[in-house]
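Step one of this worksheet: look at the structure below.
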Amino acid sequence: MQERYEPAAVERAAQDYWDSHGTFAARESAGRGKYYCLSMFPYPSGRLHMGHVRNYTIGDVLARFMRMQGLNVLQPMGWDAFGLPAENAAIANGVPPARWTRENIAYMKQQLRALGFGLDWSRELATCDPDYYRWNQWLFLRMRERGIAYKKTGIVNWDPIDQTVLANEQVIDGRGWRTGALVEKREIPMYYLRITAYAEELLGALDTLRGWPERVRTMQANWIGRSEGCEVAFPYASDTSAALGGAGALKVFTTRVDTLFGVTFAAVSAEHPLATAAAGRSAALAAFVAECRRGSTMEADVATMEKRGLATGLHVLHPLNGKPIEVWVANYVLMSYGEGAVMGVPAHDERDFEFAHRNGIALRTVVRPAGADWDEVGAEWRAAYAAPGITCNSDRYSNLDFDAAVDAIAAALEQRGLGQKRVQWRLRDWGISRQRYWGCPIPLVHCVQCGEVPVPDAELPVRLPEDLVPDGSGNPLAKSEAFLRCACPKCGKAARRETDTMDTFVDSSWYFLRFASSDQHAAPVDERVQYWLPVDQYIGGIEHAILHLLYSRFWTRAMRDMGLLDLTEPFANLLTQGMVLNQIYYRQPAAGRRLYINPAEVELRADAAGQRSAYWLTDGQGVEQGGLGTMSKSKNNGVDPQSMVQKYGADTARLFMMFASPPEQTLEWSEEGVQGQYRFLRRLWKAVHEHLAAAPVSAHQGLVRIAADAAGAPLSATATQLRRQTHHTLERVTGDIARRRVFNTAIAATMELLNAVTRYDEAGTAARTVRHEALEIIVLCLSPMVPHICHELWHALGHERALIDEAWPQPDAAALRQETVELIVQVNGKLRGRVQVAAGADEATASAAALADAGVRRFAGEAPPRRVIYVPGKLLNIVV
RNA sequence: GCGAAAGUGGCGGAACUGGUAGACGCGCUGGCCUUAGGAGCCAGUGGGGCAACCCGUAAGAGUUCGAGUCUCUUCUUUCGCACCA
């Protein structure tokens with residue numbers, strides 16, 4: 001072998017070997033255990049960034065490891081290719097999104113190949129391929145037939161200047177990103193998927209997802225948000241009936257119906273029909289409702305905005321005592337949650353308390369604590385006010401505890417037909433219509449005569465024209481006569497195509513199924529799904545903890561209920577990779593606009609006061625500091641791995657990412673240390689080279705094992721110790737990868753072993769064999785992380801077969817055996833010494849050994865200990 | 001604002017089940033070597049103290065023989081909040 005480690009040559013050779021042997025092309029094999037290892041497919045934004053390298057290296061480590069465990073591994077890759085950034089690029093450069101996307105895919109694919117991931121490229125798919133998205137359309141039509149997809153109105157961000165719908169990301173401080181215009185809310189008809197029909201099942205099944213991180217299950221459970229409460233109808237007072245032109249009732253949902261007698265106001269959202277009616281009668285109210293229509297639809301914005309409201313002058317009646325209650329319009333009530341209206345109980349709800357305070361609304365204490373902590377709700381809010389207690393001031397429902405009050409009041413409401421207990425979900429149906437070009441067309445036709453008509457299956461896919469260039473003002477599909485014009489499938493007369501496209505989350509909600517049957521042209525999936533699914537290991541960023549993963553769980557169930565699948569949960573095990581963060585810098589030249597500047601082009605300087613300011617190297621002028629955030633195209637703070645790969649090779653880049661931190665942890669980007677990882681690989685190369693240069697090694701299979709030298713004499717103490725460390729390392733690395741899913745400690749363990757091998761200086765045949773064994777284990781253990789160099793070194797160490805085709809070995813139990821162990825000796829919990837005892841020593845023996853130690857006795861004194869705590873093999877604590 | 005997580009040397013991190021705090025690596029310091037390479041090798045490296053020892057895991061409290069680990073409060077950071085993906 002070569003004396004110098006030259007990564008470029010080593011990596012090319014290894015990749016050529018895997019390619020020419022079709023090593024990673026997966027085939028179904030009945031009876032053989034399978035392992036479907038899937039990393040979330042990337043959006044083709046242009047170039048890979050370090051977050052991708054981290055994600056795909058984790059997947060590749062597990063895939064290679066499981067393959068060596070004897071499993072039939074499938075690791076596919078594809079492209080989440082529809083979406084907004086392609087349209088933004090088109091606006092900026094005048095290039096059609098299709099071309100931009102396909103060029104990006106080509107470039108990023110070559111980057112993935114250079115990193116040596118063991119991917120089955122024969123199953124590659126891109127969601128913008130008609131072959132893929134025709135099945136989105138087909139599945140959508142099936143859902144529409146079953147009522148899972150349905151139409152209703154929804155609220156979107158509207159840019160009044162560009163006359164276009166904006167994504168939340170395109171709204172900056174309440175203004176349109178291109179025009180700077182104040183954004184308005186607008187109600188438009190959209191398609192929704194009835195995910196709420198699965199709320200109960202999606203929540204209940206979280207318990208079965210034992211291979212998912214606890215935090216993700218908690219987040220999903222909170223997102224679905226089951227709450228038990230009561231629906232209450234407040235009949236309209238005569239003024240409200242008059243305003244709305246008829247009798248009726250304002251419906252609200254509450255989890256605290258025990259506080260019903262504490263209601264002193266009702267609040268409705270600005271979009272509520274009652275608000276609309278009231279606005280028609282009052283200029284001030286109309287102005288307020290109009291103001292509420294400004295700003296974004298984002299919940300985070302709504303929740304942090306100052307809570308304001310205006311009285312409508314209209315009233316509803318308390319359902320049990322008939323007293324009038326004034327209705328307010330409030331900007332914090334969301335039309336999309338519950339009924340778009342809430343009852344206000346300022347004495348027992350913090351938000352209502354603040355609202356009432358600001359608007360001079362009375363409060364009424366209707367719950368007292370069981371203890372005597374407080375009696376009447378006072379002027380300052382206390383958390384205890386919101387706790388359940390004993391009802392009071394509530395007519396005949398006073399002096400009841402929470403459960404009794406809820407039962408009695410709910411029964412009374414039900415008897416009057418003005419309410420009943422029910423379960424409310426926080427989860428809302430999934431709006432999938434997008435007024436955008438670069439997405440999957442919704443397969444519908446609008447006919448003057450027949451109305452909305454589905455495109456027949458035989459005419460799918462409805463192809464998206466690929467030559468349009470959006471300009472930021474509305475959907476180019478709506479301006480393309482070639483796309484729009486069609487014949488009605490029902491009556492044959494001239495009709496127009498639907499121009500809305502689907503949310504890109506639709507694309508990613510079932511791609512993992514398509515990988516199992518990507519060459520099937522007659523159906524979205526076929527029987528091969530049965531073999532490969534569920535995904536055994538799914539790996540992706542924690543930012544997908546809710547939406548993508550929940551939508552996928554829903555979509556899989558919907559397909560199951562259509563009889564297309566025998567599968568309920570798509571992902572058996574989930575590893576949520578921590579985000580790779582980098583600094584964010586930007587300039588905001590005009591309101592609503594933001595220009596992000598790559599951290600590589602920014603210099604930090606400290607002024608006299610120590611205040612650090614950032615400057616753009618291009619013009620030397622200052623830039624705003626946006627703090628830390630996930631590497632992304634939109635924030636222009638990604639770090640391209642290309643230069644690192646070019647300088648040090650793919651193995652160093654992979655090793656560096658895996659060694660930097662455990663996979664689930666957030667990682668602040670820094671390139672410090674990459675040099676050290678390269679140095680380690682070079683030392684490994686050198687150690688193997690020097691070992692082989694000293695004497696030739698004969699070809700052999702499997703691992704070298706040695707327990708005694710040729711003459712039958714036992715190994716030296718140092719040789720025995722190195723063997724023990726060798727097999728201990730194998731044990732640690734195996735546990736770290738298979739059980740703990742941490743790779744930084746696995747790498748650290750092999751580094752320690754290499755250090756030990758370097759220090760080991762015994763000569764002779766037995767010593768050589770012990771060293772050879774240690775080097776083989778190091779190469780084996782590192783191979784999932786740095787497969788190229790290990791591929792080469794494995795051959796050099798005398799193996800015919802490729803390393804990737806070897807079986808992962810078991811540690812040698814004999815080598816691990818230990819005669820004596822070191823005990824930590826504490827006195828009153830403080831470390832005071834260490835003693836060697838026989839491996840199975842009992843407490844008396846250990847205690848005697850410890851007290852024989854002069855250092856220990858100095859602290860323990862001569863008196864007998866009050867108590868001794870003995871943890872065999874580990875520690876002895878003497879309490880005096 | 002709400003939901004979820006994280007916080008350990010100068011830096012990345014280790015400590016897996018409540019039991020040696022700082023493994024491994026970076027950086028730094030000193031030395032060696034040299035056909036001077038951004039190479040290699042050796043030693044040291046949490047703070048204080050001559051030492052024995054003492055202090056130390058965001059801050060504050062608590063549980064325990066023993067707490068980085070468990071509980072509570074606070075602070076900071078990250079992720080998500082339904083049209084970025």
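We name chains A, B, ... by the order of the sequence lines, and we start the count at 1 in each one. No hydrogens, no waters, no symmetry mates; every other heavy atom, side chains included, goes into these values.
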On a whole-Å scale, what distance lies between the [atom1] atoms belonging to [N] and [M]?
{"N": "A14(B)", "M": "G68(B)", "atom1": "C1'", "result": "11 Å"}
{"N": "U73(B)", "M": "U20(B)", "atom1": "P", "result": "28 Å"}
{"N": "U69(B)", "M": "C79(B)", "atom1": "C1'", "result": "24 Å"}
{"N": "A6(B)", "M": "G13(B)", "atom1": "P", "result": "14 Å"}
{"N": "C16(B)", "M": "A61(B)", "atom1": "P", "result": "26 Å"}
{"N": "C70(B)", "M": "U63(B)", "atom1": "C1'", "result": "8 Å"}
{"N": "G62(B)", "M": "G66(B)", "atom1": "C1'", "result": "15 Å"}
{"N": "U8(B)", "M": "G46(B)", "atom1": "C1'", "result": "10 Å"}

Could you tell me whether [X] and [Y] have their ring centroids closer than 6.0 angstrom?
{"X": "Tyr132(A)", "Y": "Trp510(A)", "answer": "yes"}
{"X": "Phe656(A)", "Y": "Tyr648(A)", "answer": "no"}
{"X": "Phe355(A)", "Y": "Tyr332(A)", "answer": "yes"}

State whether [X] places a side-chain N or O below 4.0 Å from either non-bridging phosphate oxygen (OP1 or OP2) of [N].
{"X": "Arg867(A)", "N": "G66(B)", "value": "no"}
{"X": "Thr630(A)", "N": "C79(B)", "value": "yes"}
{"X": "Gln665(A)", "N": "A6(B)", "value": "no"}
{"X": "Arg832(A)", "N": "G19(B)", "value": "no"}
{"X": "Lys874(A)", "N": "G66(B)", "value": "no"}
{"X": "Asn744(A)", "N": "G25(B)", "value": "no"}
{"X": "Arg683(A)", "N": "A39(B)", "value": "no"}
{"X": "Asn755(A)", "N": "A23(B)", "value": "no"}
{"X": "Arg679(A)", "N": "G27(B)", "value": "yes"}
{"X": "Arg215(A)", "N": "A5(B)", "value": "no"}
{"X": "Ser670(A)", "N": "G12(B)", "value": "no"}
{"X": "Asn877(A)", "N": "C65(B)", "value": "no"}

[N] [atom2] sits how many Å from [X] [atom1], rounded?
{"X": "His728(A)", "N": "A23(B)", "atom1": "NE2", "atom2": "C1'", "result": "11 Å"}
{"X": "Ile747(A)", "N": "G12(B)", "atom1": "CD1", "atom2": "C1'", "result": "13 Å"}
{"X": "Gln625(A)", "N": "U77(B)", "atom1": "CD", "atom2": "P", "result": "14 Å"}
{"X": "Glu169(A)", "N": "G80(B)", "atom1": "CD", "atom2": "P", "result": "11 Å"}
{"X": "Leu875(A)", "N": "U17(B)", "atom1": "CG", "atom2": "P", "result": "17 Å"}
{"X": "Gln675(A)", "N": "C11(B)", "atom1": "CD", "atom2": "P", "result": "21 Å"}
{"X": "Phe743(A)", "N": "G13(B)", "atom1": "CZ", "atom2": "C1'", "result": "16 Å"}

Indicate yes or no for a side-chain donor-acceptor contact from [X] to the backbone of [Y] under 3.5 Å, with no hydrogens or angles considered.
{"X": "Gln170(A)", "Y": "Ala167(A)", "answer": "yes"}
{"X": "Gln577(A)", "Y": "Gly51(A)", "answer": "yes"}
{"X": "Asn877(A)", "Y": "Ile869(A)", "answer": "no"}
{"X": "Thr297(A)", "Y": "Val156(A)", "answer": "no"}
{"X": "Tyr678(A)", "Y": "Gly673(A)", "answer": "no"}

Which part of the nucleic acid does [X] contact within heavy-atom distance under 4.0 Å: base, sugar-phosphate only, or nothing?
{"X": "Gly431(A)", "result": "sugar-phosphate"}
{"X": "Ala300(A)", "result": "base"}
{"X": "Phe680(A)", "result": "nothing"}
{"X": "Gly225(A)", "result": "nothing"}
{"X": "His548(A)", "result": "nothing"}
{"X": "Met190(A)", "result": "base"}
{"X": "Val156(A)", "result": "base"}
{"X": "Arg834(A)", "result": "base"}
{"X": "Ile824(A)", "result": "base"}
{"X": "Gln826(A)", "result": "base"}
{"X": "Pro42(A)", "result": "nothing"}
{"X": "Arg858(A)", "result": "sugar-phosphate"}
{"X": "Thr504(A)", "result": "sugar-phosphate"}
{"X": "Glu668(A)", "result": "nothing"}

The answer to which of Met751(A) and Lys647(A) contacts RNA chain B further toward the 5' end, by nearest nucleotide, is Met751(A)
Taking the nucleotide of RNA chain B with the closest heavy atom to each, which residue, Val216(A) or Glu299(A), is nearer the 5' end?
Val216(A)
Under the 3.5 Å rule, do the base of C65(B) and the side chain of Arg866(A) count as making a donor-acceptor pair?
no
Would you state whether a donor and an acceptor, one from the side chain of Gln677(A) and one from the base of G25(B), lie under 3.5 Å apart?
no
So what does the secondary structure string of RNA chain B come out as, 5' to 3', with Watson-Crick or wobble pairs under 3.5 angstrom, [ ] for crossing and | for pairs with another strand?
(((((((..(((......[....)))((((((.......))))))(((....)))..(((((..]....))))))))))))....
Would you sort out whether Arg178(A) and Ser473(A) count as a side-chain hydrogen bond (donor to acceptor under 3.5 Å, both in side chains), showing the intermediate values?
CA-CA 10 Å; Arg178(A) 294 178 70 239; Ser473(A) 65; over 6 Å; no
Determine if the base of G9(B) is syn or anti; take syn to mean the glycosidic torsion is within 90° of 0.
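In terms of base orientation relative to the sugar, G9(B) is syn.
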Heavy-atom check, side chain of Pro7(A) versus side chain of Thr652(A), under 4.5 Å:
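Side chain of Pro7(A) against side chain of Thr652(A), heavy atoms only: no contact under 4.5 Å found.
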For Arg732(A) and Thr745(A), run side-chain contact (heavy atoms from CB on, under 4.5 Å): C-alpha distance rounded to whole Å, both residues' side-chain angles, the deciding distance at 0.1 Å, then the answer.
CA-CA 9 Å; Arg732(A) 283 169 70 188; Thr745(A) 49; 5.8 Å; no
Could you walk me through whether Thr729(A) and Glu752(A) pass side-chain contact (heavy atoms from CB on, under 4.5 Å), step by step?
CA-CA 9 Å; Thr729(A) 302; Glu752(A) 287 179 62; over 6 Å; no
